[in-house]
Amino acid sequence: MLSPESSLGAPLGALLFILSTPFCYGQSTGISYGEVQDIGPGGMGYLRPRITLNGDAQPVVLWGRTGPASNYLSVAVAGSFTAPVMVTPAGVAPAVADWMGSSIDADANTVWIVFKATPEDTAPCYARVSDDGGNTWSDTIRVSPADGLVSRFPSVAVIPDVGPVVEYMEFTSGYMEPRQVVVRMENDVFQPPVQVSAPFAPGEVCDCCTGEIVAGADHVVAMYRNAGSNIRTIWAASSTDDGTMFPVGAEIDPTVWVLNACPSSGPDGYLSGDSLRYVFLSGADNGNKVFVGGAGAMDLSVGSVRNVHPDQAMNVQQNFPRIAGSGDTLGIVWQQTVGSQTEVLFSWSVNGINGLHAPDTVNVVVAGAQKTPDVAFADGVFHIVWSDPAAGVVRYRKAMIMDATGVDDASTHESMPWAWYDAGMGTLQFRPDLRLDSWRLTDVMGHTVRTGRSAGVIDAIGLATGSYQLVGIDGQGAALRAVHLFIGR
């Protein structure tokens with residue numbers, strides 16, 4: 001992508017840059033987006049949606065609702081979502097909010113959910129299981145034991161062909177001495193908790209930050225944010241015996257974020273063979289930003305750790321990152337706020353964490369706040385969900401990886417790209433024969449600055465001089481090849 005610096009020395013009146021590359025930035029693959037879908041009608045909640053995929057690679061989405069507090073779930077069937085069903089039993093109110101809540105994971109058609117019942121200082125964590133891809137559910141199964149301790153923030157992962165493991169935060173009475181523990185299931189019963197933050201991390205864990213557990217065939221890794229000496233970095237513990245013991249623990253976040261407050265934001269990750277890929281929030285430098293890292297699953301030796309979208313302004317505030325992938329193919333979503341506008345952004349790579357593309361804004365509607373996204377991945381498709389509080393719904397969109405044969409040949413319309421900037425007129429212009437459902441113009445921060453639903457001539461007056469990306473959506477909801485423009489007069 002051309003940056004403003006690449007044009008220094010040229011008269012602004014002569015600037016007209018068009019760079020047609022595979023969407024989104026310079027590899028031989030591209031992304032095609034589906035239409036945005038609402039999951040369920042309004043009034044059934046929207047808090048902190050979480051997504052997994054069942055044995056048919058279909059999304060299963062869990063979210064929270066207040067008034068009354070409950071969890072709802074919907075399953076995608078043939079491209080449409082089923083009517084939401086309440087998966088917390090009548091009379092049991094789960095702890096739900098826009099920054100914390102319940103958790104879901106699946107191994108083929110065996111789907112597990114875990115939730116924390118209220119009141120939080122006395123009620124336990126519970127689990128339920130579905131053996132048919134999320135359509136019918138078992139009775140509740142107690143996760144945290146009746147040991148007089150307080151539990152919060154459960155996260156579930158399913159070990160393939162073995163069963164679930166659950167990480168949660170444990171306190172003594174009065175929410176004192178917070179630490180992270182893991183329980184595993186054996187003979188259909190969750191076993192006593194094993195500590196994973198002690199003895200590794202110094203001091204106490206961050207008592208308002210959620211943890212995350214991930215599982216593969218050979219490893220289980222429990223991640224969490226620590227708070228010793230107010231250093232709010234991410235730590236992890238690793239197991240090679242299905243969560244029975246966690247003999248290895250280490251800090252996997254080198255940012256040294258010192259904060260005398262609670263960020264209420266935890267890590268996320270996935271395992272691929274003997275490698276862990278993970279994301280987290282850090283405010284150590286240049287405001288709150290999202291980072292991605294890689295580590296060995298067995299010894300937690302850290303490799304590369306980098307900012308997901310570097311060189312962003314201080315006032316660009318990021319939070320709640322989530323990651324999904326397989327091997328070197330990965331996608332990261334997060335919530336990003338600039339001023340009063342909050343959107344969901346998505347970055348992806350087929351070449352590991354150092355090959356990430358510049359992000360796109362996933363949501364089409366930019367009014368209100370688009371919050372707390374999640375992502376799942378299978379068969380070349382990223383499945384993205386997020387909360388839309390203004391509309392009162394959970395929203396979903398898929399992003400499909402296309403190889404070079406799935407993207408228009410760059411030479412097809414070399415003489416007339418599908419859109420361009422006319423510096424003399426100060427307008428965005430579209431190819432006359434274009435059949436376009438909608439378009440979106442984003443700046444270098446991934447912030448949507450203009451949207452529309454018709455092609456033609458669009459007034460660009462008022463746009464600041466700089467680089468932009470223009471994305472068009474055709475009638476089938478697929479993204480056209482992105483056009484990168486430098487706008488200046």
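One-based numbering along the sequence shown. None of these values were measured; they are calculated from a predicted model. The basis for the numbers below is simple: all heavy atoms, side chains too, and nothing from hydrogens, waters or symmetry mates.
- Between the side chain of Thr361 and the backbone N or O of Asn363, no donor-acceptor pair lies under 3.5 Å.
- Taking the six-membered ring for Trp, Trp99 and Phe153 have ring centres closer than 6.0 Å.
- Panel note: side chain Ser102, backbone Phe115; no donor-acceptor pair is recorded below 3.5 Å.
- For the pair Thr210 and Arg48, the minimum side-chain heavy-atom distance is below 4.5 Å.
- Evaluation of the side chain to side chain donor-acceptor pair (under 3.5 Å) rule for Ser80 yields no partner, not counting sequence neighbours.
- Side-chain contact between Val36 and Trp386 is present, with heavy atoms from C-beta onward closer than 4.5 Å.
- When the ring pair (Phe, Tyr, Trp, His ring centres under 6.0 Å) test is applied to Phe190, no partner is found at least two apart in sequence or on another chain.
- Taking both residues in full, the closest heavy atoms of Thr244 and Ser239 are given as N-OG, 4.0 Å, listed atom of the first, atom of the second, then distance.
- Side chain of Ser275 to backbone of Gly296: no donor-acceptor contact under 3.5 angstrom is found.
- No more than 12 heavy atoms of other residues, nucleotides or ligands shown are found within 6.0 angstrom of CG on Asp379.
- Here His357 contributes atom NE2 and Ser349 contributes atom OG; the two are 6.0 Å apart, rounded to the nearest 0.5 Å.
- Considering only residues two or more places apart in sequence or on other chains, Trp439 meets the ring pair (Phe, Tyr, Trp, His ring centres under 6.0 Å) condition with Phe430.
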side-chain contact (heavy atoms from CB on, under 4.5 Å) assessment of Asp253 paired with Val305: CA-CA 8 Å; Asp253 168 4; Val305 176; 5.8 Å; no

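- A heavy-atom distance below 4.5 Å is found between the side chains of Asp161 and Asp107.
- Of the options Asp98, Asn319, Thr342, a side-chain hydrogen bond (donor to acceptor under 3.5 Å, both in side chains) to Lys371 is made by Asp98 and by none of the others.
- Val316 has its side chain out of reach of His309: every pair of non-hydrogen atoms, C-beta onward, lies at least 4.5 Å apart.
- Side chain of Asp268 to main chain of Ile323: a donor-acceptor pair is present (N/O by atom type, distance under 3.5 Å, no hydrogens or angles).
- Applying the side-chain contact (heavy atoms from CB on, under 4.5 Å) test to Ser326 and every residue at least two apart in sequence or in another chain returns Phe377.
- For Phe81, the ring pair (Phe, Tyr, Trp, His ring centres under 6.0 Å) criterion is met by Tyr396, not counting sequence neighbours.
- At a threshold of 4.5 Å between non-hydrogen side-chain atoms, the residues Arg440 and Asp360 count as touching.
- Note that CZ of Phe291 and CD of Gln318 are 9.0 Å apart. Values are rounded to the nearest 0.5 Å.
- Considering all non-hydrogen atoms of both residues, Ile159 and Gly216 come closest at CG2-O, 3.6 Å.
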message: Pair Trp137, Ile113 - check side-chain contact (heavy atoms from CB on, under 4.5 Å), show working.
response: CA-CA 10 Å; Trp137 293 87; Ile113 62 171; 3.8 Å; yes

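- Every residue meeting the side-chain contact (heavy atoms from CB on, under 4.5 Å) condition with Glu251, not counting sequence neighbours, appears here in chain and number order: Thr233, Trp235.
- What you find for Val302 and Tyr278 is that their closest heavy atoms are CG1-OH, 3.7 Å.
- A donor-acceptor pair is defined here as one N or O able to donate and one able to accept, closer than 3.5 Å; such a pair exists between the side chain of Arg225 and the backbone of Leu281.
- From Glu35, atom CD reaches atom NZ of Lys398 across 10.0 Å, with rounding to the nearest 0.5 Å.
- Within the 3.5 Å criterion, the main-chain N or O of Val129 finds a donor-acceptor partner in the side chain of Ser138.
- No side-chain donor-acceptor contact under 3.5 Å links Gln336 and Glu343.
- Cys206 and Arg232 make their closest contact through SG-NH1, 3.2 Å (heavy atoms, listed as atom of the first residue, atom of the second, distance).
- Put simply, the side chain of Thr140 does not reach to within 4.5 Å of the side chain of Val92, judged on heavy atoms.
- The shortest non-hydrogen separation linking Ala57 to Ala378 is CB-CB, 4.5 Å.
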message: Would Arg306 and Asn354 count as a side-chain contact (heavy atoms from CB on, under 4.5 Å) here? Give the steps.
response: CA-CA 8 Å; Arg306 53 155 291 188; Asn354 291 317; 3.6 Å; yes

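- Between Phe171 and Tyr175, the ring planes are perpendicular. Angles over 60° get that label, and only those under 30° would be called parallel.
- Listed for the Gln335 side chain is a donor-acceptor partner under 3.5 Å among the backbone atoms of Thr372.
- Interatomic distance, Asn351 CG to Leu330 CG, rounded to the nearest 0.5 Å: 9.5 Å.
- Judged purely by atom type and a 3.5 angstrom limit, Arg277 has no side-chain atom pairing as donor or acceptor with the backbone of Gly294.
- Leu73 and Val75 make their closest contact through CD2-CG2, 3.8 Å (heavy atoms, listed as atom of the first residue, atom of the second, distance).
- Using a 4.5 Å heavy-atom threshold, the side chains of Trp112 and Asp105 count as separate.
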task: Could you please spell out the steps behind the side-chain contact (heavy atoms from CB on, under 4.5 Å) verdict for Asn71 and Val96?
output: CA-CA 8 Å; Asn71 280 132; Val96 292; 3.7 Å; yes

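- Rounding to the nearest 0.5 angstrom, the gap separating the CG atom in Asp374 from the OG atom in Ser387 is 12.0 Å.
- Using modelled atom types, one side-chain atom of Gln312 and one backbone atom of Pro310 make a donor-acceptor pair closer than 3.5 Å.
- Of the inter-residue distances, the one linking Glu120 atom CD with Met100 atom CE reads 4.5 Å to the nearest 0.5 angstrom.
- Contact of the Phe320 side chain with the Val344 side chain is not registered, since no non-hydrogen atoms from C-beta on lie closer than 4.5 Å.
- No donor-acceptor pair closer than 3.5 Å links the side chain of Ser238 to the backbone N or O of Asp299.
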